[in-house]
Amino acid sequence: MKIKKNDTVLVIAGKDRGKTGKVRFVYPAENKVIVEGVNMIKKHARANAQTRQGGIIEREAKLNASNVMILCSKCNKPARVGHKLLEDGKKVRFCRVCQEVLD
Ligand SMILES: [Zn+2]
């Protein structure tokens with residue numbers, strides 16, 4: 001999976017298309033991500049000892065990693081991301097638009 005935690009991504013499909021946000025969690029096995037402020041769902045919470053108060057809470061739901069694109073911090077465009085090997089053998093991601101290394 002090309003997306004990593006703390007990447008800034010652009011949502012390209014679904015009800016939040018066009019929104020951008022920071023990746024908070026990645027689920028490589030499911031190819032899913034959670035993006036800050038994107039794909040919010042309302043959940044009914046029961047009162048418990050910690051919160052003392054029930055009600056409706058909003059939180060982000062997982063969305064498919066194929067519905068987001070990494071926004072390049074250098075050229076600020078949704079980037080097609082490639083991988084390349086550096087001279088020291090380290091594998092890094094880079095932006096195919098401006099060639100900036102993203103890692
Ligand atoms: Zn770029």
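Since the model is a prediction, treat every value here as computed from it, not as a measurement. Remember, it's 1-based here, ligands and their atoms both numbered in the order they're listed. For the single chain, residues carry numbers from 1 onward in sequence order.
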So what's near the Zn ion (ligand 1), protein N, O or S atoms under 2.8 Å?
Cys72 SG, Cys75 SG, Cys95 SG, Cys98 SG
Counting C-beta onward and ignoring hydrogens, is there a side-chain heavy-atom pair between Leu63 and Val33 closer than 4.5 Å?
yes
Close side-chain approach of Glu58 and Lys43, heavy atoms under 4.5 Å
no
Side-chain touch Met1/Asn31, heavy atoms, less than 4.5 angstrom:
yes
Quick one: does Lys74's side chain have a donor or acceptor within less than 3.5 Å of a partner on Cys98's backbone?
no
Are any side-chain N or O atoms of Asp103 and backbone N or O atoms of Arg93, one a donor and one an acceptor, separated by less than 3.5 Å?
yes
Look at the side chain of Glu60 and the backbone N and O of Gly37, then say whether any donor-acceptor pair between them is shorter than 3.5 Å.
yes
